[in-house]
S.K.: 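The structure's right below; bear with me while I get my questions together.
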Amino acid sequence: MNDMILLKQGEMVLKGLNRKSFEMRLISNIKRRLARYGEFDVYCLQSAVYVEPKDENCDMDGAFDAVHRIFGIVSVSRAVACEKDKDALFETAREYLGGAMRAARSFKVEAKRSDKSFPMTSIELSQYVGGLLSEAFPETAVDVHTPELIVNLEIRDNAAYVHGTAETGAGGMPVGSNGKVVSLLSGGIDSPVSTYMAAKRGVGIIPVHFFSFPYTSEMAKQKVVELSRLLGDYCGRMKLEIVPFTHIQEEIRDKCPEEYSTVIMRRFMMRISEKIALSNGCKAIVTGENLGQVASQTMEAMGVTEECISLPVIRPVVCMDKSEIIAVARKIGTFETSILPYEDCCTVFTPRHPRTRPRLDEVLEAERALDTDALVEEAFAGIERIDVSR
Ligand code: ATP
Ligand code: MG
């Protein structure tokens with residue numbers, strides 16, 4: 001049977017003149033993401049996206065699972081094409097959705113017709129096919145208000161399609177349609193979620209991790225590699241940038257007041273991230289900071305942290321409760337990896353009494369003990385890049 005995948009575009013249908021470029025971005029994202037499941041024809045028609053296998057070797061189950069994680073799509077269905085004829089539509093529905101019809105207690109038929117030359121109205125077609133299906137499956141009741149199964153019939157220009165109840169897609173906008181950012185990925189629970197949320201808004205991601213070997217272990221690094229790989233199902237292909245951070249942390253420990261070490265360390269993260277961003281055409285920096293969660297995440301601390309750079313800092317999870325962040329982490333499959341017990345560089349030289357309301361003038365004074373530019377250059381020059389695509 002002519003099995004295919006039918007997707008509905010999300011918000012981008014509102015984009016007017018830009019719509020074409022959004023669609024092209026979505027199509028190329030889908031093609032790239034499905035490449036490992038076989039060869040597919042992917043094209044847009046009337047705010048729907050059609051994904052058709054080119055041959056028998058395509059892994060349709062794998063492809064169908066993967067499209068649930070591609071941003072820019074609000075609903076996904078497995079569908080089958082057939083002739084634009086009322087009896088062909090019934091036969092196709094009976095055969096293709098037979099299992100679902102027998103399993104459901106109730107059903108209704110919903111016909112849509114964008115090809116207005118089709119000789120019946122949508123209501124007439126729904127009634128016709130609904131009547132025949134109810135004779136063919138007498139155990140399944142018709143329920144037009146809260147049916148368990150919706151038998152969708154779509155009469156489009158190129159063909160007719162039959163599909164069951166559509167499943168919810170990933171939402172958002174196609175990754176890459178809203179530019180690129182550097183996203184700070186620590187290996188905790190929050191930053192994979194903030195990275196996912198930025199990508200959902202159509203942003204391409206360069207994940208950056210600050211690594212303090214040997215204070216943090218090779219296992220801690222592998223954990224971030226694994227998190228990036230998991231995020232790749234949503235964010236697409238990414239290169240993880242690992243920044244050597246040990247020397248900077250030692251310098252801060254040796255030369256700066258302990259109570260200011262965290263905020264000074266975070267300012268270094270910002271400077272280096274901005275440098276990576278500018279050399280890759282990124283327009284912002286994303287972090288998993290969350291208001292009031294720890295001493296370095298008061299408003300005062302965030303203000304002092306971002307003072308040393310000029311790119312905007314986007315904090316997608318800033319006002320979420322931890323339980324809400326964890327719910328997203330579970331949904332996207334990063335939670336179990338995030339809670340593996342490896343140290344992050346932030347926890348290595350944690351001050352006993354960090355300043356929760358740091359003063360910028362005092363921070364600037366404390367930083368005078370460091371050769372900031374040289375330290376930033378040295379870390380930047382030592383970056384390791386890891387391709388994290390599957
Ligand atoms: P997470 O759960 O993401 O680790 P957190 O609550 O532990 O966040 P912090 O450790 O204070 O918070 O870090 C705040 C944010 O700073 C992180 O969400 C992340 O964006 C960034 N960050 C912290 N440590 C690192 C690191 N080693 N490499 C890259 N980014 C980091
Ligand atoms: Mg952390």
Side-chain angles (χ1 to χ4, degrees), residues 181-199 205-213 215-228 230-231 238 240-246 248-249 252 261-277 284-299 301-302 304-306 309 313-330 332 334-351 354-356 358 379-380 383-384 386:
V181 298
V182 157
S183 185
L184 275 67
L185 199 57
S186 67
I189 296 167
D190 306 332
S191 50
V193 171
S194 56
T195 303
Y196 158 86
M197 288 173 73
I205 303 286
I206 298 183
V208 171
H209 179 67
F210 294 89
F211 184 48
S212 296
F213 191 78
Y215 301 105
T216 56
S217 66
E218 184 60 31
M219 297 297 280
K221 179 163 132 188
Q222 284 314 315
K223 174 181 173 182
V224 178
V225 170
E226 178 57 18
L227 284 170
S228 307
L230 294 170
L231 286 166
M238 295 189 297
L240 170 65
E241 311 237 344
I242 307 272
V243 181
F245 209 45
T246 314
I248 289 176
Q249 287 203 280
I252 296 171
S261 62
T262 303
V263 73
I264 292 174
M265 176 196 75
R266 299 195 59 77
R267 282 162 63 85
F268 272 96
M269 288 187 178
M270 290 295 137
R271 293 187 187 100
I272 297 164
S273 300
E274 183 175 64
K275 209 166 155 64
I276 297 171
I285 290 166
V286 168
T287 78
E289 286 163 301
N290 180 262
L291 194 51
Q293 197 181 81
V294 289
S296 62
Q297 296 178 25
T298 61
M299 283 187 276
M302 287 193 232
V304 172
T305 299
E306 67 185 23
I309 61 167
V313 178
I314 297 176
R315 300 177 171 94
V317 304
V318 74
C319 291
M320 288 166 77
D321 288 350
K322 194 72 185 186
S323 59
E324 294 169 324
I325 299 173
I326 288 174
V328 180
R330 285 189 191 280
I332 64 176
T334 53
F335 183 74
E336 295 301 328
T337 305
S338 285
I339 58 175
L340 294 174
Y342 306 119
E343 296 264 281
D344 180 54
C345 69
C346 293
T347 49
V348 175
F349 301 122
T350 315
R355 281 287 285 266
T356 51
F380 186 75
I383 289 175
E384 176 194 3
I386 303 177

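The figures that follow rest on heavy atoms only: side chains count, while hydrogens, waters and symmetry mates do not. The structure displayed is predicted, hence computed values, not measured ones. Whatever order the structure lists them in is the order used to number ligands and atoms, beginning at 1. All residue numbers in this chain count up from 1 along the given sequence.
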S.K.: Do any N/O atoms on Q297 end up under 3.5 angstrom from N/O atoms on ligand 1?
M.R.: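 Yes, at least one N or O pair falls under 3.5 Å.
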S.K.: Does the pair E218/K223 count as a salt bridge with the N-to-O cut at 4.0 Å?
M.R.: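 Here E218 does not pair with K223 in a salt bridge, since their nearest N and O are not under 4.0 Å apart.
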S.K.: Counting heavy atoms only, which of S186, G288, P207 is nearest atom 18 (O) of ligand 1?
M.R.: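 The nearest heavy atom belongs to G288.
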S.K.: Quick one: side-chain hydrogen bond (donor to acceptor under 3.5 Å, both in side chains) partners of E226, sequence neighbours excluded?
M.R.: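 Partners of E226 by the side-chain hydrogen bond (donor to acceptor under 3.5 Å, both in side chains) criterion come out as none, since no residue qualifies.
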S.K.: Does I189, backbone or side chain, put an N or O under 3.5 Å from an N or O of ligand 1?
M.R.: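 N/O-N/O distance below 3.5 Å exists for this pair.
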S.K.: Between V286 and P316, is any pair of side-chain heavy atoms under 4.5 Å apart?
M.R.: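 Of all side-chain heavy-atom pairs linking P316 with V286, at least one is under 4.5 Å.
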S.K.: Which ligand 1 atoms, with their elements, are less than 4.0 angstrom from a heavy-atom of V208?
M.R.: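 Result: 29 (C).
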S.K.: Does ligand 1 come near enough to V294 that some N or O of the ligand is less than 3.5 Å from an N or O of the residue?
M.R.: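 No, there is no polar N/O contact under 3.5 Å.
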S.K.: Taking distance alone, with N or O pairs closer than 3.5 Å, would you say P192 contacts ligand 1?
M.R.: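 No, there is no polar N/O contact under 3.5 Å.
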S.K.: Could you tell me which atoms of ligand 1, counted from 1 in the order shown, lie closer than 4.0 angstrom to a heavy atom of T287?
M.R.: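 Ligand 1 atoms under the 4.0 Å threshold to T287: 20 (O).
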S.K.: Before signing off on this row, confirm whether L184 and ligand 1 have an N or O atom pair separated by under 3.5 Å.
M.R.: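 For ligand 1, there is an N or O atom that lies under 3.5 Å from one belonging to L184.
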S.K.: Please determine if D190 has a nitrogen or oxygen closer than 3.5 Å to a nitrogen or oxygen of ligand 1.
M.R.: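 Yes, there is a polar N/O contact under 3.5 Å.
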S.K.: State whether the side chain of N290 and the backbone N or O of M320 hold a donor-acceptor pair below 3.5 Å, judged by distance alone.
M.R.: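 Yes; at least one donor-acceptor contact below 3.5 Å.
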S.K.: Taking C-beta and beyond as the side chain, do V181 and I205 meet within less than 4.5 Å on heavy atoms?
M.R.: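 Yes, their side chains come closer than 4.5 Å.
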S.K.: Quick one: does F268's side chain get under 4.5 Å of F210's, heavy atoms only?
M.R.: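 Heavy-atom side-chain distance check fails, nothing below 4.5 Å.
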S.K.: So do the side chains of F211 and V224 get within less than 4.5 Å of each other, counting heavy atoms only?
M.R.: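 No. Closest side-chain heavy atoms not under 4.5 Å.
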S.K.: Could you see which bit of L185 sits under 4.0 Å from ligand 1, with heavy atoms only: side chain, backbone, both or neither?
M.R.: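 Backbone only.
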